[in-house]
Number of protein chains: 2
Amino acid sequence: MACLREIEASQGKGQIVSSETLAALAGVKPTQLRKDLAYFGEFGRRGLGYDASELAFEIKRILKIDRIVPMILIGMGSLGTAFARFIITRANLEKDYPFRIQAIFDKDPHKTGTEFMGVRIYHIDDLKHMIQTLNPIIAVVAVPSQVSEPIIAFLCDHEVKAILNFAAPPTKIKPTKTIIHNVDLGAELEFLSYYT
Amino acid sequence: MACLREIEASQGKGQIVSSETLAALAGVKPTQLRKDLAYFGEFGRRGLGYDASELAFEIKRILKIDRIVPMILIGMGSLGTAFARFIITRANLEKDYPFRIQAIFDKDPHKTGTEFMGVRIYHIDDLKHMIQTLNPIIAVVAVPSQVSEPIIAFLCDHEVKAILNFAAPPTKIKPTKTIIHNVDLGAELEFLSYYT
DNA sequence: TAGATTGTTAATCGATTAACAATC
DNA sequence: TAGATTGTTAATCGATTAACAATC
């Protein structure tokens with residue numbers, strides 16, 4: 001599936017767009033775009049094209065961002081702060097932005113009990129009894145790699161659907177029900193260096 | 001090319017390893033690993049395997065991380081700070097870590113003139129006359145998206161080989177000589193949401 | 001009806017894997 | 001020589017693209 005996100009933002013209400021136009025915007029071939037969409041259903045009308053707002057809605061539904069996605073953030077170091085700022089700013093700016101940070105967890109007593117841009121910061125120990133109530137779909141792990149593995153294991157045990165992990169990939173656990181997406185800043189640099 | 005980085009860390013001096021062992025470590029098929037390596041040259045010995053330290057050296061050479069890679073960081077908000085901490089910590093810990101932040105640039109007069117973990121923070125206006133001297137291979141852009149495009153354009157004009165861009169992808173410029181690698185935290189979340 | 005554009009089948013391309021000759 | 005393991009050629013698989021019938 002080639003990048004469909006670009007499409008969403010690109011047209012107003014009631015507008016009809018062709019796969020040709022959309023493909024140009026997304027930087028892919030029209031035929032690829034049509035094939036990708038057809039995989040999920042028939043969203044277009046032959047001879048006409050796609051209804052832009054209808055298509056945007058369908059794409060949101062496919063990506064499961066047609067609803068509020070409750071999240072928790074664990075670790076409020078510089079990376080956690082950067083991530084929280086990014087998400088909360090966007091949620092404040094964009095109507096219907098789906099991702100919401102419900103609670104932040106950290107170990108530092110200088111941070112716990114305070115708020116960051118309107119989101120409460122709890123002690124990491126409170127996660128144990130709060131996770132049931134919060135019931136987050138996604139958890140973001142931005143703690144040091146040395147302490148990340150037990151936290152990730154705990155999250156997997158408690159039915160979190162997906163983890164965005166900025167720490168080192170866990171070595172011991174191989175969860176079946178939880179998807180872990182590892183983001184490795186160091187690897188991004190090595191990747192770039194190769195193409196230098 | 002499947003992930004070769006794992007291999008590097010995995011063996012001591014003088015050790016011989018087979019593609020079977022390495023593939024298991026990297027989580028790929030042995031035949032895939034051999035094919036990838038063969039693309040760059042003949043590094044193994046038939047009937048024996050690969051010399052681990054020799055292979056590690058060759059991989060570093062291929063990735064161009066067998067030398068110091070000078071970098072600059074532009075933008076010292078929470079994301080810039082997170083990135084700087086990540087790189088500098090690693091450079092302090094790991095012998096031969098190739099990436100070095102030579103200078104940081106920001107607009108905030110409270111930050112300019114100070115140091116972060118031993119790296120000087122300059123005003124963004126100083127970039128103009130300093131870039132020639134610094135001559136960085138890689139530039140990391142961690143400024144707000146609204147102000148990123150002219151900065152990226154400037155970096156491309158001044159022979160920076162690669163840009164790691166945390167801001168929005170540039171729309172106007174299509175550099176030919178500079179590689180831009182865009183990292184989109186929002187897209188990572190949408191990606192995860194889909195697999196929920 | 002003629003023109004346009006989708007959804008889908010067929011053809012092409014590239015990447016992964018299997019098989020094996022080379023060789024330690 | 002027999003066993004092991006690479007580098008490479010051939011076969012397989014999947015993904016991309018082209019072609020076209022369906023239909024607005």
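Naming convention: chains lettered A, B, ... in sequence-line order (proteins, then strands); numbering from 1 in each chain.
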Expressed as a whole number of angstroms, how long is the span from [X]:[atom1] to [N]:[atom2]?
| X | N | atom1 | atom2 | result |
| --- | --- | --- | --- | --- |
| Leu22(A) | dT5(C) | CG | P | 12 Å |
| Phe40(A) | dT6(C) | CZ | C1' | 18 Å |
| Leu37(A) | dT6(C) | CG | C1' | 11 Å |
| Leu33(A) | dA15(D) | CG | C1' | 16 Å |
| Glu20(B) | dT17(C) | CD | P | 14 Å |
| Glu42(A) | dT5(C) | CD | P | 18 Å |
| Asp51(B) | dT6(D) | CG | C1' | 15 Å |

With side-chain hydrogen bond (donor to acceptor under 3.5 Å, both in side chains) as the rule and sequence neighbours excluded, what pairs involving [range] come up?
| range | value |
| --- | --- |
| residues 172-187 of chain B | Glu188(A)-His181(B), Glu159(B)-Lys177(B), Asn165(B)-Asn182(B) |
| residues 91-100 of chain A | Arg90(A)-Glu94(A) |
| residues 142-157 of chain B | Glu149(B)-Thr171(B) |

Legend entry - B/S/- contact track for nucleotides 18-24 of chain D, protein heavy atom under 4.0 Å: BB--BBB
Inset, instruction - For atom CD of Glu20(B), decide whether the heavy atoms of other residues, nucleotides or ligands shown that lie under 6.0 angstrom number more than 12. - result: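 For Glu20(B), atom CD is not crowded (no more than 12 foreign heavy atoms under 6.0 Å).
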Inset, instruction - Give a yes or no on this: more than 12 heavy atoms of other residues, nucleotides or ligands lie within 6.0 Å of atom CD of Glu115(B). - result: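 Correct, the count exceeds 12.
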Legend entry - Consecutive-pair stems (3 or more, Watson-Crick or G-U, under 3.5 Å) for DNA chain D: C:3-24 with D:3-24
[X]: which residues meet the side chain to side chain contact (heavy atoms under 4.5 Å, CB included) condition with it, sequence neighbours left out?
| X | answer |
| --- | --- |
| Lys35(A) | none |
| Leu79(A) | Phe166(A), Leu79(B), Ala82(B) |
| Arg67(B) | Lys64(B) |

Inset, instruction - Side chain of Gln32(B) only, please: which of dT6(D), dT8(D), dT16(C) is the nearest? - result: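 Taking heavy atoms from C-beta onward, the closest nucleotide is dT16(C).
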Legend entry - Nucleotide nearest Ser19(A) when distance is taken to its side chain, options dG7(D), dT6(C), dG7(C): dT6(C)
Inset, instruction - Indicate, with a heavy-atom threshold strictly under 4.0 Å, whether Tyr39(B) touches base, sugar-phosphate, or nothing. - result: nothing
Legend entry - Co-members of the apolar cluster containing Leu134(B) [side chain, <4.5 Å]: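 Leu134(B) clusters with Ile72(B), Ile74(B), Phe105(B), Tyr122(B), Ile124(B), Leu127(B), Met130(B), Ile131(B), Val141(B), Val143(B), Val147(B), Ile151(B), Ile152(B), Phe154(B), Leu155(B), Val160(B), Ile163(B), Ile173(B), Ile180(B).
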Inset, instruction - Please determine if a side-chain N or O atom of Tyr50(A) lies less than 4.0 Å away from the OP1 or OP2 oxygen of dA4(C). - result: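 So the side-chain polar atoms of Tyr50(A) never come under 4.0 Å of the phosphate oxygens OP1 or OP2 of dA4(C).
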